[in-house]
Amino acid sequence: MELCSSACNISHRAKYFVLLVLSLSVVAWIIIFPGDTVTSLISFNSTHTPVKEDGLGDKLHSTTEEDFKEDGLGDKLHSTTEASNLTTPPQKVDCPKVSPLLQGLRNLSFDSSLTLNDVVTENENVRAGEYEPPDCAARQSVAILIPFRNRERHLVYLLHHLHPFLQRQQLHYAIYVIHQAGNATFNRAKLLNIGYLEALKDYNWDCFIFHDVDLVPEDDRNLYVCAETPKHMAGGRNTTGYKMSYPRYFGGVTALTRKQFVQVNGFSNSYWGWGCEDDDLYVRFQLQKVTIVRPPIAIARYSMVFHTRDKGNEKNKDRFKLLKKTQEVWMKDGLNSCSYKTLSMDRLPLYVNITVDIGKP
Ligand code: UD2
Ligand code: MN
């Protein structure tokens, strides 16, 4: 007992000594490494801003109200709080509001001998379908979503024109091709819902462009960015004399923010085969009293590569019946009920290919 108490005393003293040495080291550490180390540890966490509901999330950090209004949408605004961290590379300045690289209306050519490899060679600055302007910070980050099956030639043409087109607009973008596996009836709208859900797993995109594979934009002033309200980009195309097909027309190419798309629960998953899935989306916005914007018809010009109706995408006989039910079902038929199985996800040089099993009607 006696022996233990003196031994315990010694061990107590040793503990106090160790504690004292530790405290002194902490004080010395703070004196030797002031500011930077501590702030860099703190600011590391602060850069991981929680994602905001509206999909513009962590972009919305700074500058003036005016910057924010351009394009009617939050431009990508850049954090100034992080600038004090000496270890981060210098921030790029915002790209100009009007890109100096735009060329306006162009006469497009479609060379049948062009191969996918040629297009890869033309676009060595694209990595896994993604691109960012090298010298400035893009004003929006945009995911291009393309529903796809058996249209390889059209995809080559589109990639050939679209990559340089988007780069001239100084956008940060990535192209996703959502490929329906198997021979069951095609479902464009469901593939686009899937593209949206999958692209969001990669990045918190500001804007989603829902894009037919056979439509090539002719004028790069038709900006692939989102606006305050849903934007229909493809007002005119060669096959209709560059005129709107009908006033409520909403097909081909549309640009929607996350907030806009979520507000209507995305597309319906129930349109199997050709027709009316685009009208259904229009009705969803109408029900929410959300108006649609369109760029001037003089620049909303597309060349549609000629095609006949695909096998497996015959006219949907039920399309008008479905369209009458939109009001009843939109809340339970859409993004929140989109079930599918991803069979593969390939990050190819020019696009991300997502092959999916979407079931059948
Ligand atoms: C119109 C609309 C389109 C859609 C469709 C009705 C325009 C310019 N486009 O296109 O947005 O509303 O009517 O469903 O108004 N696809 C394949 N493989 C197939 C079938 C379709 O990849 O086997 C994809 C492809 O991206 C194609 C899109 O689905 O561009 C629309 O199909 P379409 O081109 O056959 O229909 P279209 O031109 O009448
Ligand atoms: Mn078409």
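Indexing begins at 1, ligand by ligand and atom by atom, following the structure's order. Since we're looking at a predicted model, the values are computed, not measured.
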4.5 Å side-chain heavy-atom contact, L116 and L159: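 L116 vs L159: side chains touch.
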Heavy-atom side-chain proximity of Y176 to I146 below 4.5 angstrom: no
Lys NZ or Arg CZ of R248 over Y282 ring: under 6.0 Å, within 45°: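 That pair does not qualify as a cation-pi contact.
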Geometric cation-pi criterion R309 and W274, 6.0 Å radius, 45° cone: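 Yes, R309 and W274 form such a contact.
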Distance to 0.1 Å, residue and atom name: give those for the protein heavy atom nearest to [atom].
atom	answer
atom 39 (O) of ligand 1	W274 NE1, 2.7 Å
atom 22 (O) of ligand 1	R149 N, 2.9 Å
atom 29 (O) of ligand 1	F186 CE2, 3.5 Å

Any Y249 heavy atom less than 4.0 Å from ligand 1: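 Yes.
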G312 touching ligand 1 at heavy-atom level, < 4.0 angstrom: no
Using 30° and 60° as the class boundaries, would you call the ring planes of [X] and [Y] parallel, tilted or perpendicular?
X	Y	answer
Y203	H172	perpendicular
F110	Y157	perpendicular
H307	H154	tilted
H163	Y173	tilted

Part of H154 within contact of ligand 1 (heavy atoms, under 4.0 Å):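 Neither; nothing of H154 gets under 4.0 Å from ligand 1.
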Going by the atom numbers of ligand 1, which of them fall below 4.0 Å from some non-hydrogen atom of [X]?
X	result
L215	8 (C)
D214	27 (C), 30 (O), 34 (O)
G252	2 (C), 3 (C), 7 (C), 8 (C), 9 (N), 11 (O)
M304	38 (O)
D278	12 (O)
V213	25 (C), 26 (O), 30 (O)
G275	6 (C), 14 (O)

Ligand 1 to P147 polar contact by distance, N or O atoms, under 3.5 Å: yes
For the Mn ion (ligand 2): the N/O/S atom of D214 at shortest distance: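 Going through the N, O and S atoms of D214 one by one, OD2 ends up nearest to the Mn ion (ligand 2).
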Which atom of H307 approaches the Mn ion (ligand 2) most closely (N/O/S): NE2
Option with minimal heavy-atom separation from atom 10 (O) of ligand 1, where the choices are T254, D280, D212: D212
For atom 14 (O) of ligand 1, the option (of R319, H307, R151, E277) bearing the nearest heavy atom: E277
Backbone of L191 reached by a side-chain donor or acceptor of Q180 within 3.5 Å: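 Answer holds: no.
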Short side-chain to backbone donor-acceptor contact, Y271 and L323, under 3.5 Å: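 Looks like yes, one N/O pair under 3.5 Å.
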Between CG on residue L162 and CG on residue D220, distance to nearest 0.5 Å: 11.5 Å
